[in-house]
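For reference, the structure discussed in these notes is given below.
Starting from 1, each residue takes its place in the sequence as its number.
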Amino acid sequence: MSKRDFSTSHLFTSESVSMGHPDKVADQISDAILDSLLTHDPKARAAIETLVTTGLVVVAGEVTVHNQPARDALDRAEDTIRDTIRRIGYDDPAAGFDYRSCGVLRALHAQSPDISRGVTAGQGLHTEQGAGDQGMMFGFACNETDSLMPLPIQLSHRLVEALAAVRQEGKLPWLRPDGKSQVTVAYEDDMPIGLHTVVISTQHTADVVDRKTDNMNEDAKQQVIDRVIRPVIERECPEYWSDDIIIHINPTGRFVVGGPHGDSGLTGRKIIVDTYGGRGRHGGGAFSGKDPSKVDRSATYMARHIAKNIVAAKLARQCEVQLAYAIGVADPVSVSVDTFGTSELSLSALARMVRDVFPLKPGEIIDYLQLQRPVYFETARHGHFGREANGFTWERTNRVEDLRSKVNVKQAV
């Protein structure tokens, strides 16, 4: 393939982080505890924050459960934490953080009764289950990929997913869990035309450090290209693979010290990684550790579901949906749709269709998307969106015909 000239193209970059990144370790711990509670109590309430650093995990927040098995699961939270760290791959004391020796501090308490009365049906000022907080939530979809995700974040997620796979399968035994990816895509007329740059920073053992340069050796870098980067690109977008793609592997030279030993991690600090890689807007609310009564999570999943169905129905090439809520109130205070000039329908007409077709009250969203199940640990790594994994109900495109029928009715009138 001849070298592509992207000098007149629009470039857009997104990043993802691996399951062993400190912030993602924190997210997975929070969601693993949430899943353990929902397994026994589907109506459990939780807002769990986790901090990880060298040799230490701190878990704080609010938890309310309604039966003894769930209380027993909460009592076993330390076991859940250690098992999660083991599953991620921190099992070597030499890495400065491992599941056996790290300290665990817990500071969990019951949900504020003032919040609970706004969320629990029949309490507070309203008879229906209200939103757990005020705020605005966004969902996005576009026709750049089969998953209707933007290409830069889709590739970034698949790269760290592949890094984890080759590490866990023992194909590159010198890999350690921490890592990042970054992909720059060239666009013309709002559609991707090629890959400009791919960056992989991955933690590794000292075995692949060149003694003369004190940098990761070239053979190890080539293995990352051959076993991770190229297979992902050729699977996801084979037409864009080229030897002219700029590739940076560990651009600092080496990455031996990493994970929570190299940098502290916090729940909810990777909200752009968790969503669309910077495409579209973000309301600011994080996901992990929050039960679905928190609209930060459930309404954001619903907004993605709506946007994806609109694009899947070919009513727009790009779609962003905003839902906004007041604490304790069931009906959204606003529903907004933006198609960035890619739809023949007016934005107000699309917003009315959304209200007609989709359930938007918090209790309805929870039932419709089946969110009171222990499905959240898997969301906390490799992206909350653009995946067909079991339990990712918000990725279904089951309302396409309903939306199209609304358009047909409107046209007939």
Side-chain angles (χ1 to χ4, degrees), residues 12 131 133-151 153-154 187 189-191 271-272 274-285 287 295-326 329-366 368-369 371 384-386 392-413:
F12 191 85
D133 201 353
Q134 70 176 44
M136 62 284 189
M137 300 84 208
F138 291 92
F140 184 82
C142 61
N143 64 350
E144 294 178 16
T145 60
D146 291 343
S147 63
L148 304 186
M149 288 286 284
L151 183 59
I153 189 65
Q154 181 74 359
Y187 286 82
D189 298 322
D190 290 329
M191 287 301 292
I271 59 175
I272 300 303
D274 284 346
T275 51
Y276 309 102
R279 284 286 291 277
R281 301 170 181 87
H282 197 295
F287 303 149
V295 285
D296 276 345
R297 183 166 218 162
S298 53
T300 302
Y301 289 174
M302 191 64 180
R304 160 64 178 173
H305 178 65
I306 295 167
K308 186 174 184 180
N309 274 268
I310 288 173
V311 174
K314 301 188 185 304
L315 303 184
R317 296 192 303 277
Q318 299 181 46
C319 182
E320 181 181 84
V321 173
Q322 185 203 58
L323 304 175
Y325 293 85
V329 180
D331 282 308
V333 299
S334 68
V335 176
S336 176
V337 179
D338 192 348
T339 58
F340 309 95
T342 67
S343 176
E344 295 182 1
L345 299 173
S346 71
L347 301 184
S348 59
L350 282 167
R352 287 194 297 270
M353 289 168 58
V354 168
R355 286 187 178 272
D356 288 344
V357 171
F358 296 95
L360 300 179
K361 296 178 180 180
E364 294 174 342
I365 292 173
I366 290 169
Y368 174 75
L369 294 179
L371 296 179
H384 292 249
F385 306 121
F392 284 55
T393 52
W394 48 93
E395 290 296 314
R396 297 173 181 168
T397 53
N398 56 315
R399 306 310 294 269
V400 165
E401 293 307 319
D402 295 324
L403 289 167
R404 286 176 177 164
S405 68
K406 289 289 182 182
V407 175
N408 292 336
V409 169
K410 179 177 181 296
Q411 290 174 341
V413 172

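Proximity of Arg304 to Thr300: side-chain heavy atoms (C-beta onward) are nowhere separated by under 4.5 Å. At a threshold of 4.5 Å between non-hydrogen side-chain atoms, the residues Arg279 and Ile153 do not count as touching. By the 4.5 Å heavy-atom criterion applied to side chains, Met136 and Ser334 are not counted as neighbours. The shortest distance between side-chain heavy atoms of His305 and Asn398 falls below 4.5 Å. Side-chain contact between Lys308 and Trp394: absent, with no pair of heavy atoms (C-beta onward) separated by less than 4.5 Å. At least one side-chain heavy atom of Thr275 sits less than 4.5 Å from a side-chain heavy atom of Phe287. The shortest distance between side-chain heavy atoms of Leu345 and Met353 falls below 4.5 Å. By the 4.5 Å heavy-atom criterion applied to side chains, Ile310 and Ile306 are counted as neighbours.
Remark: Val333 pairs with Ala324, Ala326 by the side chain to side chain contact (heavy atoms under 4.5 Å, CB included) rule, at least two apart or across chains. For Ala351, the side chain to side chain contact (heavy atoms under 4.5 Å, CB included) partners are Val337, not counting sequence neighbours.
Looking at Thr393, its side chain does come within 3.5 Å of a backbone N or O of Leu369 through a donor-acceptor pair. The main-chain N or O of Leu151 is found under 3.5 Å from a side-chain atom of Glu144 such that the two form a donor-acceptor pair. At least one donor-acceptor pair under 3.5 Å links the side chain of Asn309 to the backbone N or O of Arg396.
Of the N and O atoms on the side chains of Thr145 and Ser147, at least one donor lies less than 3.5 Å from an acceptor on the other residue.
Atom CG of Asp338 sits about 8.0 Å away from atom SG of Cys319, to the nearest 0.5 Å. The distance from the CZ atom of Arg355 to the CG atom of Asp331 is 7.0 Å, given to the nearest 0.5 Å. In this structure, CG in Asp274 is found 8.5 Å from CD1 in Ile271, a value given to the nearest 0.5 Å. Rounded to the nearest 0.5 Å, atoms OG (Ser346) and CZ (Arg352) are 5.5 Å apart. Taking CD of Gln318 as the start and CG of Asn143 as the end, the distance is 7.5 Å to the nearest 0.5 Å.
Between Ala299 and Tyr325, the shortest heavy-atom distance links the atoms CB-CE1, 3.6 Å. Of all heavy-atom pairs spanning Leu315 and Leu403, the tightest one is CD1-CB, 4.0 Å. Contact record, Ile272 with Gly278: CG2-N, 3.2 Å, taken as the closest heavy-atom pair. Residues Ala316 and Thr339 come closest through the heavy atom pair CB-CG2, 3.6 Å. Closest of all the heavy-atom pairs between Ala303 and Gly139 is CB-N, 3.3 Å. The two residues Ser298 and Ile365 come nearest to each other via the heavy atoms O-CG2, 3.6 Å.
For Phe385 and Phe140, the ring centers sit 6.0 Å or farther from each other.
The cationic atom of Arg399 (NZ for Lys, CZ for Arg) lies less than 6.0 Å from the six-membered ring centre of Phe358 and within 45° of the ring axis.
Among pairs with a residue in residues 312-321, those fulfilling salt bridge (charged side-chain N to carboxylate O under 4.0 Å, His left out) read Arg281-Glu320, at least two apart in sequence or across chains.
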Quick one: do Arg297 and His384 satisfy side-chain contact (heavy atoms from CB on, under 4.5 Å)? Show the steps, please. CA-CA 10 Å; Arg297 183 166 218 162; His384 292 249; 3.7 Å; yes
